[in-house]
Structures are given as structure tokens and as C-alpha cells.
Amino acid sequence: MTRSFKFAIEARDPHSSARAGALTTGHGVIPTPIFMPVGTRGTVKAVAPDDLVSLGARIVLANTYHLMLRPGEELVARLGGLHRFMGWPGPILTDSGGFQVFSLSKLRKMTEDGVTFQSPYDGARTFFSPERSVEVQTALGVDIMMCLDECTGYPSAREEAEKSMALTRRWAKRCREAWSRSDTDQALFGISQGSFYPDLRRRSAEEITELDFPGQAVGGLALGEPLEDRLEALEAAREGLNPDKPMYLMGVGTPVDIIEGIRRGADMFDCVLPTRNARNGQLFTRLGRLVIKNARFREDERPPDERCGCYTCRTFSRAYLRHLFQNDEPLAMRLASVHNLHYYLDLVGGAREALLNGTFSGYYTEFYEDLDRGREDGFTRA
RNA sequence: GGAGGGGUUCCCGAGCGGCCAAAGGGAGCAGACUGUAAAUCUGCCGGCAAUUGCCUACGGAGGUUCGAUUCCUCCCCCCUCCA
């Protein structure tokens, strides 16, 4: 079968590596740069797919490892695949389980062959491998699959980082082989690693480029390192990647991370921050962050951000949102998630517009000016 | 009228002679969160002074004791059961 995945670059910023483009998948076209809301268990927590549609979300993430454990990929396949199961008609990208190698590091054992995970749900041990990851992602029927990688922590010793990126490369090769045997309309992205050693970052990127995946990712960032280290690693990785392919910056990040990522050529982003922090009472705005639970908003009639066009800001006051959080009302999480996702999608959408209009450097400058203005107005610097 | 149980810091609720400014919850306040084991987690939570310090507090008033939230007496409230 011919695969429908394509990537076309539509505009470039003359002063940076930023570009606008379009990703074509079997479930629709995705304008880039794009932010992908995270829906680990087949749901973007606290919002329904119709919220995502009205927010203008174009693609969502789900997680291979978690869906494999619950409800199991075979069940999802029997019920018509993940799109149908979760009621989301647009494209889906699944993370391979590589992040769980990191986040569940206390519950797993690594070998050359793969990882043995102890389930956080019931403690049962399951063996997970590159081939198994591809198999699960194939069964889920997602549009973009990710290679199983090893995501190491921060900081990592050079020797450890080197060993880890070599393993990630061997696993990438195995994933690629498993994927090429399949006959489905799914793309597979390779993931580069290399910790925070620029030469390793670059080499890992080159190794992934050699394997010639439809898309390329930079993994293993935003693990607690300073911003400068992160950006340096990203730049080093980009030098080793094929510039004609989409670059996905995995798990990143804050609004600043995203704008800086775009500037360095990243096309795709995902992060739990807008949704998780929303549920924990933190709103992201172009002026900075607002901890809406704070007592100072008790009688604040203003919307979170006066210039934001989202449903939450058009309809509700800070005082009301604070009240909802104070009382653990479920609506609080939905309204906050809707706002944060709107802001993130608007941030990347605005960058795309600017790139198409040739005004990206102005957009970039304005981004920081807004944050400075917000700091004077009681917002926390994002 | 009789029998029993109880009144503790904003609330609930342990403590029942010194280790008690008083366990544990809750509420309140603040912070964290980056390919989601997260509607989670952490800190503060009588006042003042701020290295051990002082003051105010365990229904009220007395008393016993070196020392009482803890023991005794009386009083005031509350609850349950029996008349």
C-alpha cells in the first residue's frame, strides 16, 4: 500500500531556522508548526473531542504503553481502531513507550532485547521491545508511530549517554524493519537522543537520518536542564537531521520553549503542561502564568486574559474560575484546559501565520514584550 | 427527676500529670509540574521575637501538685437513654 504521509515546507523565516509547512496523513492535513495535545490514555484529560475540534486542534497524542496495558491494543483494534474508539476523527500520533522507560524507570529492567516493565496498575511484568511497540502502534491504527527509544535522565554521564544513544539507534533500526514489513497507512518517526553533549546530539541525529524515517524527532529534552542547555542540544540535533523532513521536539514544553523551538526549526510539539497545569489551577497566557487559585483573584471580575478569544475567557471571570477550583468542581479542569490548549494552539498558529506573512521576527519580539508587560501586571513569568 | 457520655487551636478529632502550641484529617495560604503512575505532589498553618526565648491557648471559676489539656470541687452548656 502506498503511504499517504507527506511533508511540505511552505515558508521559511530568513533570520532563523523557523519554517511553516503541512503534514499530510491518512486522517487529514496538519499545518505546522503545530502543538499536539497529549491524550495518553486515549483521552485529552478533562476535555471532549468536540472541545478539541472547536479549539482547532489538528492532531493528538496517545501512548502505546498505557493503551497496551489498558484496554489492550487488540480490544481497540476489534472496536475499529483508536480514532473510532476515542471519538477523535483527526490524526493521532502515539509515543512508543520510550518516555515510560524514563518516567517508570523504577519499574523496569533494560536489556539489549527490550524492556521488562512492571505495570503501575497491577504490578504484572510485561516484556516490551521495539518490535512489540511497533506491533501495538500498528494495531491501534494511528497515523504517526514513534520508535522505541531510551530516554535517559538529566544529568547523564557521557559514557552512559553514548551507550544509550547507541541502543536507541539499534532499536530504531529494529522498529524500522518491523514497520516496513507492515502494510498500513502509518508513518514512523525516528528519535534522536544524545543527552546534553552537542557532539553526541549531532551524531545521534545523523544516525537517525541515515535510517531514513518519514519524520524525525528530538527526544530526551526538558528533563530538568537549564533552557540554554536544552536549546544548545536542539541546535546540535538539527545540524544532524534532514532539513526536508518534519522535526518533532518531543515533550517540550513551556511557551518559551516552544517559541525558541520554532525558531530552531522544530515543526511539531507536544507537552502535558497545558493540560496538567490546567488541572492544577495554572493558566498560561501571552502575558505569563496565572495561578488562578490565589486569594488575590477572589473578586477579580476580569477574564484570565482580556485579549484571549477562548470560550473560558469570553465567558468567565477569574473570580468564578477560582471559585470552581476552590470547590474542586470538575468544570474548573475543563475550562482551564480549554483555555491553556487554546493559548498553546494560538501560539503556534500565530507563529505559522507570521511565517507565511514573513513577519516572524516581529512575532517573536512581541512574544517577549507581552511577557514583560505581564510581569508588571501581576502575571508570573512563564 | 434518674442514669450515662461529652465540651481541645477556623472546623472535625486524638491526647488524659511533664517528651503539648497540642497527633491526624479538613479548610485556608503559598509553591512545584515539560514524549502524563499526576483532578497530583510539597511547604506553611496561635501571636511576637526570630540560635535555645516570651506571651496567649485545651467551656468557666477555684483547688491539689515542683508542674495540669490531663487529677479534685462547684458552675455553665451539649448529647443519649430511662421516667
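Just the heavy atoms: all of them, side chains too, but no hydrogens, waters or symmetry mates, feed the values below. None of these values were measured; they are calculated from a predicted model.
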Looking for any heavy atom pair under 4.0 Å, which part of the strands does [X] touch: base, sugar-phosphate only, or nothing?
X	answer
A:Arg334	nothing
A:Gln193	base
A:Gly224	nothing

Rounding to an integer number of Å, can you tell me how far [X] [atom1] sits from [N] [atom2]?
X	N	atom1	atom2	value
A:Met146	B:G35	CE	P	14 Å
A:Asn280	B:A39	CG	C1'	7 Å
A:Phe128	B:G35	CZ	P	17 Å
A:Leu273	B:C41	CG	P	18 Å
A:Phe297	B:G28	CZ	C1'	17 Å
A:Asp270	B:U34	CG	C1'	9 Å
A:Asn340	B:A39	CG	C1'	14 Å
A:Phe269	B:G35	CZ	C1'	13 Å

Atom [atom1], compared across [N] and [M]: separation rounded to whole Å:
N	M	atom1	value
B:C20	B:U70	C1'	11 Å
B:A21	B:A68	C1'	15 Å
B:A23	B:C44	P	13 Å
B:U40	B:C48	P	32 Å
B:A57	B:C74	C1'	23 Å
B:G17	B:C66	C1'	12 Å
B:G46	B:A22	C1'	12 Å
B:U42	B:C81	P	43 Å

Which base sits across from [N] as a Watson-Crick or G-U pair, both distances under 3.5 Å?
N	answer
B:G4	B:C79
B:C54	B:G47
B:C19	none
B:C10	B:G26
B:U70	none
B:U34	none

Determine whether a donor-acceptor pair (N or O, by modelled atom type, separation under 3.5 Å) exists between the side chain of A:Arg174 and the backbone of A:Arg170.
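Flag not set: sc A:Arg174 to bb A:Arg170 has no pair under 3.5 Å.
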Any side-chain to backbone donor/acceptor pair from A:Thr43 onto A:Gly39? Under 3.5 Å, distance only.
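No; zero donor-acceptor contacts below 3.5 Å.
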If each of A:Thr380 and A:Phe102 is mapped to the nucleotide of RNA chain B with the nearest heavy atom, which maps nearer the 5' terminus, i.e. the 5' end?
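Looking at RNA chain B, the more 5' nearest nucleotide goes with A:Thr380.
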RNA chain B: A:His66 or A:Asp257, which has the more 5' nearest nucleotide?
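On the 5' side of the pair lies A:Asp257.
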Verify the contact: side-chain N or O of A:Arg279 to OP1 or OP2 of B:U40, cut-off strictly under 4.0 Å; return yes or no.
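Checking B:U40 against A:Arg279, no side-chain N or O comes under 4.0 Å of OP1 or OP2.
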Within the structure, does a side-chain N or O atom of A:Gln100 lie under 4.0 Å from either OP1 or OP2 of B:U36?
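Yes, A:Gln100 has a side-chain N/O under 4.0 Å of OP1/OP2 on B:U36.
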Taking atom types as modelled and ignoring hydrogens, do the side chains of [X] and [Y] form a donor-acceptor contact shorter than 3.5 angstrom?
X	Y	value
A:Asn340	A:Ser337	no
A:Thr94	A:Gln137	yes
A:Asp143	A:His83	yes

Any donor-acceptor N/O pair under 3.5 Å between B:G35 base and A:Asn63 side chain:
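Absent.
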Within the 6.0 Å centroid threshold, strictly below: A:Tyr311 and A:Phe316:
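Distance test on ring centres: under 6.0 Å, yes.
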Taking atom CZ as the centre, does A:Arg84 end up with more than 12 heavy-atom neighbours from other residues, nucleotides or ligands that are less than 6.0 angstrom away?
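Not buried by this count: 12 neighbours or fewer within 6.0 Å.
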